[in-house]
Amino acid sequence: MTEVDLEDVGARLASRFGPDAEGWLAEVPALAARLASRWGFELGELFESGASSVVLRCRWSDGTPAVLKLSPDGALLAKQVEMLRVFAPSGRVPTVLAADADAGAMVLEEIQPGTPAEDLPAETLPRLWGDLLTSLHAVAPPAGWPSSLRGRFEESFARIGKRLAEPAINARIGQDTWQRAIDRCAALLDTQAGVVLLHGDLHLGNALDGGPSRGLIAIDPKACVGDPCFDAVDYVVSGAEHEGVEARCHVVADACGLDGDRLYAWSRVVAPMFAISFLTYGGAERAIDELLALAS
């Protein structure tokens, strides 16, 4: 197994899973080696691990470039596997090559060239995004799918809303702004029509270039049922500071065949959430001002 430095990954895991993550992380090399032997793949280097998992490049037995994803939360990983398999008929998510929820492990094909959508030429993105949404939204929601866009927003407003008490946030975003976003969201949820199975977390970093034959490939779905506009709203709102949210909204709505008025209304719902993120992680002041104006 390639020697890797897991210190940075360990800090992120500990922030999510607590001190037990350190012991789990110490066992990762041995676990990865056992899985390589069991499933017959060759291990490679550490690869862009996040806050809930360790990811290593590997090569599947037939030579397919792949990634091994390991998590101390086996239930979370099992849900990810289920969502990827639900969207598999679209051809727009990575193929699951192997999975073991008890071991907290799965192997996925590595998307190549894998360039994030945010790094692709801006003029190509609307069409690519429209093609991606058409394919994803053509997948019928499984009967009784438990997650809805309404539930997603209830959780988000409750979790993110706690941050309004922080001085740096409260100085720019008050309860009145937050309540407007909640009210706008409720109005949109109450008027949903033609709901689809959404990716649920589709931003420019969660769509990778799969090459000319595949187009954009969506990773890390948080599948829920709801308004198709939602899978375009992060892309639209990221237009703040660039060509502007309203201008991007028109272009994206046309390319994706979406209701432009509803898409713009959704952008006003999520604008204060984006502003909180920008205020926390140092986003451009011009973008923050645009987002706050959008939320007003």
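Everything quoted here is computed from the prediction, not taken from an experiment.
Contact record, Leu31 with Ala103: CD2-O, 3.7 Å, taken as the closest heavy-atom pair. Ala122 and Tyr235 make their closest contact through O-OH, 4.5 Å (heavy atoms, listed as atom of the first residue, atom of the second, distance). Across all their heavy atoms, Pro94 and Leu84 have their closest contact at CD-CD2, 3.9 Å. The two residues Leu43 and Ala33 make their nearest non-hydrogen contact at CD1-N, 3.9 Å. Shortest non-hydrogen contact noted between Leu13 and Pro72 is CD2-CD, 4.5 Å. Closest non-hydrogen pair, Ala218 versus Leu136, comes out as CB-CD1, 4.2 Å.
Ile276 contributes atom CD1, which lies 12.0 Å from atom CZ of Arg172 (distance to the nearest 0.5 angstrom). Within the model, atoms CE of Met106 and CG of Leu70 stand 9.5 Å from one another, a figure rounded to the nearest 0.5 Å. Put simply, CD on Glu45 and SG on Cys58 are 10.0 Å apart, with the number rounded to the nearest 0.5 Å. Of the inter-residue distances, the one linking Leu132 atom CG with Ile217 atom CD1 reads 7.5 Å to the nearest 0.5 angstrom. Summarising the geometry, atom CZ belonging to Phe230 is positioned 7.5 Å from atom CG belonging to Asp201; distances are rounded to the nearest 0.5 Å.
Looking only at side-chain heavy atoms (C-beta outward), Asn206 and His199 come within less than 4.5 Å of each other. Considering only heavy atoms from C-beta on, His137 stays 4.5 Å or farther from Val195 through its side chain. Side-chain contact between Ile219 and Leu108 is absent, with no heavy-atom pair separated by less than 4.5 Å. Proximity of Phe41 to Leu97: side-chain heavy atoms (C-beta onward) are nowhere separated by under 4.5 Å. With a 4.5 Å cut-off on side-chain heavy atoms, Trp60 and Pro65 do not count as touching. The closest side-chain heavy-atom distance from Thr95 to Thr64 is not below 4.5 Å. Using a 4.5 Å heavy-atom threshold, the side chains of Pro142 and Leu197 count as touching. In this structure, Leu216 and Asp131 have side chains that are not in contact, with every pair of non-hydrogen atoms separated by 4.5 Å or more.
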(message) Determine whether Asp234 and Phe274 satisfy the following criterion, side chain to side chain contact (heavy atoms under 4.5 Å, CB included), listing intermediate values before the conclusion.
(response) CA-CA 9 Å; Asp234 276 29; Phe274 269 68; 3.8 Å; yes
(request) Could you walk me through whether Tyr264 and Glu246 pass side chain to side chain contact (heavy atoms under 4.5 Å, CB included), step by step? (result) CA-CA 7 Å; Tyr264 187 70; Glu246 186 171 7; 4.0 Å; yes
(message) side chain to side chain contact (heavy atoms under 4.5 Å, CB included) for Phe157 and Met273? Distances and angles first, verdict last.
(response) CA-CA 9 Å; Phe157 277 121; Met273 298 180 178; 3.5 Å; yes
(message) side-chain hydrogen bond (donor to acceptor under 3.5 Å, both in side chains) for Ser71 and Asp73? Distances and angles first, verdict last.
(response) CA-CA 5 Å; Ser71 175; Asp73 189 341; 5.7 Å; no
(request) Would you please test Ile173 and Leu164 for side chain to side chain contact (heavy atoms under 4.5 Å, CB included) and show each step? (result) CA-CA 7 Å; Ile173 302 173; Leu164 296 180; 3.8 Å; yes
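The backbone N or O of Arg12 lies less than 3.5 Å from a partner atom in the side chain of Ser15, making a donor-acceptor pair. The backbone N or O of Leu294 sits less than 3.5 Å from a side-chain atom of Arg268, completing a donor-acceptor pair. Arg184 places no side-chain N or O within donor-acceptor distance of the main-chain N or O of Val269, the cut-off being under 3.5 Å. Side-chain atoms of Glu290 come within 3.5 Å of backbone N or O of Glu241 as a donor-acceptor pair. Side chain of Ser296 to main chain of Ala293: a donor-acceptor pair is present (N/O by atom type, distance under 3.5 Å, no hydrogens or angles). Under a 3.5 Å cut-off, the side chain of Glu110 and the backbone N or O of Val67 do not form any donor-acceptor pair. The closest donor-acceptor contact from the side chain of Trp129 to the backbone of Asp231 lies under 3.5 Å.
Each of Val251 and Leu133 belongs to its own hydrophobic cluster when Ile, Leu, Val, Met, Phe, Trp and Tyr are linked at side-chain heavy-atom distances under 4.5 angstrom.
Defined by atom type and a distance below 3.5 Å, a donor-acceptor pair is present between the side-chain atoms of Arg163 and Thr280. Under 3.5 Å, the side chains of Arg262 and Thr191 contain a donor-acceptor pair of N or O atoms. Arg180 and Thr177 share a donor-acceptor pair across their side chains, judged by distance under 3.5 Å alone.
Scanning for salt bridge (Lys or Arg N to Asp or Glu O under 4.0 Å) contacts around Arg214 gives Glu109, with sequence neighbours left out.
The local environment of CD in Glu22 is sparse, with at most 12 non-hydrogen atoms from other residues, nucleotides or ligands closer than 6.0 Å. Counted within 6.0 Å of CD on Glu118, heavy atoms from surrounding residues, nucleotides or ligands total more than 12; the atom is thus considered enclosed.
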Do any side-chain atoms of residues 143-151 form donor-acceptor pairs under 3.5 angstrom with protein atoms, and if so which ones, sequence neighbours left out?
| residue | atom | partner | partner atom | Å |
| --- | --- | --- | --- | --- |
| Trp145 | NE1 | Ala223 | O | 3.1 |
| Ser148 | OG | Gly151 | N | 3.1 |
| Arg150 | NH2 | Leu189 | O | 3.4 |
| Arg150 | NH2 | Asp190 | OD1 | 3.1 |

